[in-house]
Every structure is written in C-alpha cells, then in structure tokens.
Amino acid sequence: MSLEVFEYMKKYDYEQVVLCYDKASGLKAIIAIHDTTLGPALGGTRMWTYASEDDAILDALRLSRGMTYKAAAAGLNLGGGKTVIIGDPRKDKSEALFRAFGRYVESLNGRYITAEDVGTSVQDMEYVRMETRWVTGVASGSGDPSPMTAFGVWKGMKAAAKEKFGTDSLSGMTVAVQGLGHVGYYLCKYLADEGAKLVVTDIFPERVEKVVQEFGARAVEPEAIYGVEAEIFAPCALGAVVNDETLPQFKFQIIAGAANNVLKEERHGDELEAKGILYAPDFVINAGGLINVADELEGYNRERAIQKIAGIYDNILRVFAIAKRDNIPTYKAAEVMAEERIRTIGQVRNNFLRK
Ligand SMILES: NC(=O)C1=CN([C@@H]2O[C@H](COP(=O)(O)OP(=O)(O)OC[C@H]3O[C@@H](n4cnc5c(N)ncnc54)[C@H](O)[C@@H]3O)[C@@H](O)[C@H]2O)C=CC1
Ligand SMILES: O=C(O)CCC(=O)C(=O)O
C-alpha cells in the first residue's frame with residue numbers, strides 16, 4: 001500500500017514536506033518540517049539506501065516529528081525538521097550533491113536548519129555551508145555532535161539508575177551496548193571510565209574489536225544482544241529495536257540509549273512498563289547532539305553546551321515524575337512534557353506581534 005502523505009500530515013499536524021531533485025548531482029532528498037511553533041525546525045540529514053521512496057518519506061516524517069518533541073522537551077526555542085537523502089553514503093556522496101542540497105535548504109530561508117545525522121558527516125555539512133548559512137555542526141563551529149550525544153545519554157542513564165536502583169553510580173553494573181558508531185563508541189568510553197561492565201555488538205567487526213581492546217568489553221553477535229544478562233540496554237544503532245521479537249528476550253531493567261524511535265510501536269512502550277522495565281524516552285535522553293548544535297546558533301560555547309547537556313539528568317527525572325503524577329508509561333510522559341511546553345510557549349508567542 002502506498003503512503004498517503006497528506007493524510008499522514010493531517011494526522012500528526014505537519015507543516016511542510018519538500019521533495020528535492022537535482023539532475024546534475026543525482027540528489028533525491030526529502031525535507032520534512034513538522035512544527036515551527038517554538039522556532040525554526042532543526043534536524044540532521046540522514047543518508048540511507050531505502051527500499052522504496054515511501055520508506056524514505058515516512059522516515060523523514062517520523063524523524064522530523066521526533067525532533068519537534070526533542071527540542072521542546074530540551075527547553076530549546078526550535079521546532080522539528082529532518083532531511084532524508086536517498087543514496088548509499090559509502091558510494092553516492094559528492095560535493096555537488098551536498099551543495100545542491102544546500103541550495104534547497106537556503107530556499108527555505110531559515111525555516112529549516114540542517115546538521116549531520118546517520119550517513120552524513122561534518123565534512124558533508126561543510127559543502128552544505130558553501131550554499132547556505134542554515135547549517136550547524138560544521139567543523140568550524142561545534143563539530144561532530146556525537147560525543148555530546150553520548151555524554152547526555154550517559155547522564156540520562158545515570159538518572160534512570162537513580163530512579164530504578166536508588167543510586168546513580170553505574171560502577172559494577174553491566175550495560176549492553178548495541179551499535180558502536182559515532183555515539184556508541186563514546187558512550188562505551190564514559191561507561192568504562194565509570195567502572196561499568198560492557199557487553200557490545202556491531203555489524204562491523206572492526207568496531208567491536210576496537211571497543212573490546214580499549215575498554216575490555218565482551219562481544220556478542222548482533223542478534224544475541226537482546227538476550228544478554230545486563231541491568232541496562234543501550235540501543236545506539238537504528239530504531240524499532242523494542243518490538244514483538246525482542247521484548248520476550250529482555251532481562252534488562254532499564255532501556256537507555258541514543259537511537260531515535262526505539263519503540264517499534266507505542267504499545268511496545270506499554271509492554272515495557274508492564275514488564276517493569278524502566279524506559280528512558282529516546283528523544284529526551286538523546287538530545288545532547290541537538291543541544292550542542294543549537295548552541296552554535298548563539299555563537300558556540302563548549303562549556304555552556306556541556307552545562308546544558310548535563311541537564312538531561314534532571315530532565316529524565318522530570319519525565320519519571322510526570323509518569324508517576326499522571327499514572328502513565330514513561331514514553332507518554334515525555335510526550336506530555338514536550339506538548340505542555342509547545343502549548344504554553346506557543347500561546348505566549350501569540351501575544352502581541354509575532355517575530
Ligand atoms: N550522532 C548523534 O549525535 C545522534 C545520534 N542519534 C541516533 O543514535 C543512533 C546512533 O547514531 P550514530 O552513532 O551517529 O550512528 P553511526 O552510523 O555512527 O553508528 C551506528 C552503528 O550501529 C551499527 N549497527 C547498525 N545496525 C546494527 C545492528 N543491527 N546491530 C548492531 N549494530 C548495528 C552500525 O554498524 C554503526 O556502527 C542513531 O539511531 C541516531 O539516529 C540521536 C541523536 C543524536
Ligand atoms: O545531532 C544532530 O546532528 C542534530 C540533531 C538531530 O538531528 C538529532 O538529534 O537526531
């Protein structure tokens with residue numbers, strides 16, 4: 001069945017979807033702008049080989065809505081957007097492709113600000129910057145946001161441990177880390193430095209080997225990670241990893257990782273709750289990269305960014321408090337927290353002249 005784009009936009013209140021095609025460079029991109037109530041839509045550019053154009057559009061739609069919630073929950077004055085470029089990041093990149101994309105971003109005149117995401121790099125964003133100033137996370141600015149995302153996930157994981165075990169020390173605890181890319185590697189470093197035991201996996205053996213060598217991690221095959229004996233599961237690869245197949249295997253007590261859209265469907269969040277597994281919602285715990293690139297918009301100050309990202313600890317505790325207050329699962333509590341802010345600040349911004 002093909003995707004009914006306008007129906008989907010109506011259902012979840014999207015503002016705009018832009019299809020970008022450039023013959024010379026081969027660019028095929030989808031820019032999705034979900035909501036700009038709080039400010040311009042900021043969100044990275046993902047490059048991926050999608051099975052179909054519908055899959056690509058749906059990914060852009062879902063990810064951009066996640067960005068609205070992420071920015072709102074993080075207390076940022078930004079809305080939600082995301083770009084998907086259809087292509088193989090290992091083969092299809094070129095200066096022309098990213099510059100063509102940059103011209104589309106420029107055409108939106110600041111309504112959408114881009115950055116890197118899975119499959120794109122700081123270098124790619126330098127090409128985008130040649131055509132537009134509406135790009136963050138460039139080498140001459142805040143650079144790769146991934147170490148900051150990892151720092152925020154580590155802080156949020158500690159808050160979850162505090163809630164579940166009464167202590168935020170992860171020393172001696174076992175953490176299962178799925179995906180040892182930009183974020184997963186740095187997360188392993190924070191955890192190893194604190195004395196946590198690591199069980200890790202990745203589809204690229206060289207990434208696994210590096211973490212085993214550097215941090216004394218134990219490696220398992222990709223499919224085995226879901227059944228590992230560990231207090232905490234940190235998904236740092238792709239989304240939808242909490243699903244009907246994986247859930248029955250879980251012996252974890254906490255799920256806290258960097259991946260976006262961790263729950264395949266909302267009901268999987270209900271099932272985690274029913275099993276007594278504490279879920280630190282994805283868009284709250286993984287906001288470190290967004291907070292970092294957003295700081296670049298004010299003239300980047302690393303210390304200020306680190307301070308703000310450390311606030312993810314309190315933000316995660318706030319989500320758990322709302323969950324208890326309203327007697328709802330944590331994934332819903334995170335949405336309530338974000339929606340409350342969009343509603344309140346949206347009303348405030350409607351007073352007098354809107355800038
Ligand atoms: N980089 C950032 O600052 C942010 C990243 N995220 C999310 O965090 C996740 C990780 O991001 P990055 O580290 O930047 O991406 P990355 O592409 O550098 O790393 C992902 C890693 O997961 C591995 N992987 C893919 N499928 C796997 C599987 N089935 N089993 C095991 N490993 C698998 C890949 O080989 C790769 O090493 C993504 O979902 C991303 O959307 C969210 C917020 C910010
Ligand atoms: O971290 C980035 O590059 C920008 C923010 C983003 O796209 C994300 O948090 O998923």
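Both ligands and their constituent atoms are indexed starting at 1 by order of listing.
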Enquirer: Could you say whether the N/O atoms of A115 and ligand 2 ever approach to under 3.5 Å?
Expert: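 No: no nitrogen or oxygen of A115 is under 3.5 Å from one in ligand 2.
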Enquirer: Taking the side chain from S64 and the backbone from A60, do they hold a donor-acceptor pair closer than 3.5 Å?
Expert: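 Flag set: sc S64 to bb A60 pair under 3.5 Å.
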Enquirer: Any sub-3.5 Å donor-acceptor pair from K251's side-chain atoms to G227's backbone N or O?
Expert: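 Side chain of K251 to backbone of G227: a pair is present.
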Enquirer: Assess the side chains of Y50 and S52: does a donor N or O sit below 3.5 Å from an acceptor N or O?
Expert: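 No pair is found: no donor N or O on one side chain lies under 3.5 Å from an acceptor on the other.
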Enquirer: Give a yes or no on whether the backbone of A139 and the side-chain of E126 come within a donor-acceptor separation of less than 3.5 Å.
Expert: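 Here the side-chain-to-backbone pair exists.
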Enquirer: Test of understanding: given a 4.0 Å heavy-atom threshold, classify the contact between N292 and ligand 2 as side chain, backbone, both, or neither.
Expert: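 None of N292 does.
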Enquirer: Would you please determine whether G43 falls within less than 4.0 Å of ligand 2 on a heavy-atom basis?
Expert: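 For ligand 2, residue contact (heavy atoms, under 4.0 Å) with G43 is present.
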Enquirer: Check ligand 1 against T149 and write out every atom of the ligand that is under 4.0 Å from a heavy-atom position of the residue.
Expert: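 Close to T149: 2 (C), 3 (O), 4 (C), 43 (C), 44 (C).
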Enquirer: Backbone N or O of L3 within a donor-acceptor pair of the D54 side chain at under 3.5 Å?
Expert: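 Yes, the answer is positive, given that a donor and an acceptor are paired below the 3.5 Å cut-off.
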Enquirer: Between the side chain of D282 and the main-chain N/O of N261, is any donor-acceptor distance below 3.5 Å?
Expert: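 Between the backbone of N261 and the side chain of D282 there is a qualifying donor-acceptor contact (under 3.5 Å).
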Enquirer: Does the separation of the ring centres of Y186 and Y190 fall below 6.0 angstrom?
Expert: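 Ring centres of Y190 and Y186 not closer than 6.0 Å.
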Enquirer: Out of E223, H182, E221, K82, who is nearest to atom 18 (O) of ligand 1 when you count heavy atoms only?
Expert: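 Nearest heavy atom to atom 18 (O) of ligand 1 lies in H182.
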Enquirer: Quick one: nearest non-hydrogen protein atom to atom 42 (C) of ligand 1, plus distance?
Expert: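 Going atom by atom, the protein heavy atom closest to atom 42 (C) of ligand 1 ends up being A258 O, 3.3 Å.
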Enquirer: Using a strict 4.0 Å threshold on nitrogen-to-oxygen distance, state whether D193 and K189 make a salt bridge.
Expert: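 Here D193 pairs with K189 in a salt bridge, since their nearest N and O are under 4.0 Å apart.
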Enquirer: Heavy-atom distances under 4.0 Å are what count here, so tell me which part of M148 touches ligand 1: side chain, backbone, both or neither.
Expert: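 The answer is neither.
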Enquirer: Could you check atom 9 (O) of ligand 2 against the protein and tell me its nearest heavy-atom contact, residue, atom and distance included?
Expert: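 The closest one turns out to be K70 NZ, 2.7 Å.
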Enquirer: So which protein heavy atom does atom 5 (C) of ligand 2 come closest to, and at what separation?
Expert: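 I find the closest protein heavy atom is M67 CE, 3.6 Å.
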Enquirer: Judged by modelled atom types alone, do T246 and N243 share a side-chain donor-acceptor pair under 3.5 Å?
Expert: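 Looking only at side-chain atoms, N243 and T246 do form a donor-acceptor pair, the distance falling under 3.5 Å.
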Enquirer: Which ligand 1 atoms does K70 reach within 4.0 Å, using its non-hydrogen atoms?
Expert: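 Matching atoms, with element in brackets: 43 (C).
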Enquirer: Nearest protein heavy atom to atom 19 (O) of ligand 1, by residue and atom, and its distance?
Expert: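 Looking only at protein heavy atoms, the one closest to atom 19 (O) of ligand 1 is G181 CA, 3.3 Å.
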Enquirer: Out of G257, G179, A237, S121, who gets a non-hydrogen atom closest to atom 9 (C) of ligand 1?
Expert: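 It is A237 whose heavy atom sits nearest to atom 9 (C) of ligand 1.
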Enquirer: Tell me whether R46 reaches ligand 1 (any heavy atom closer than 4.0 angstrom to a ligand atom).
Expert: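 It does; at least one heavy atom falls under 4.0 Å.
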Enquirer: Using a heavy-atom cut-off of under 4.0 Å, does the side chain or the backbone of S146 touch ligand 1, or both, or neither?
Expert: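 For S146, the contact with ligand 1 is made by both the backbone and the side chain.
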Enquirer: What protein heavy atom sits nearest atom 40 (C) of ligand 1, and how far away is it?
Expert: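 Sorting protein heavy atoms by distance from atom 40 (C) of ligand 1 puts V118 CG2, 3.7 Å first.
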Enquirer: Are the aromatic rings of Y21 and Y104 close, with centres under 6.0 Å apart?
Expert: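 Judged by ring-centre distance (under 6.0 Å), Y21 and Y104 do not meet the cut-off.
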Enquirer: Decide whether an N or O pair under 3.5 Å exists between N286 and ligand 2.
Expert: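 No, since none of the N or O atoms of N286 sits under 3.5 Å from an N or O of ligand 2.
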Enquirer: Tell me which one of D202, N292, I225, V183 gets a heavy atom nearest to atom 5 (C) of ligand 1.
Expert: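 Looking at heavy atoms only, V183 sits closest to atom 5 (C) of ligand 1.
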Enquirer: For atom 2 (C) of ligand 2, what's the nearest protein heavy atom and its distance?
Expert: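 Here the nearest protein heavy atom works out to E116 O, 3.5 Å.
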Enquirer: Give the residue and atom name of whichever protein heavy atom lies nearest to atom 10 (O) of ligand 2, and the separation in Å to one decimal.
Expert: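 For atom 10 (O) of ligand 2, the nearest protein heavy atom comes out as K82 NZ, 2.7 Å.
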Enquirer: Specify the protein heavy atom at minimum distance from atom 10 (C) of ligand 1: its residue, its atom name, and the distance to 0.1 Å.
Expert: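 Here the nearest protein heavy atom works out to C236 O, 3.3 Å.
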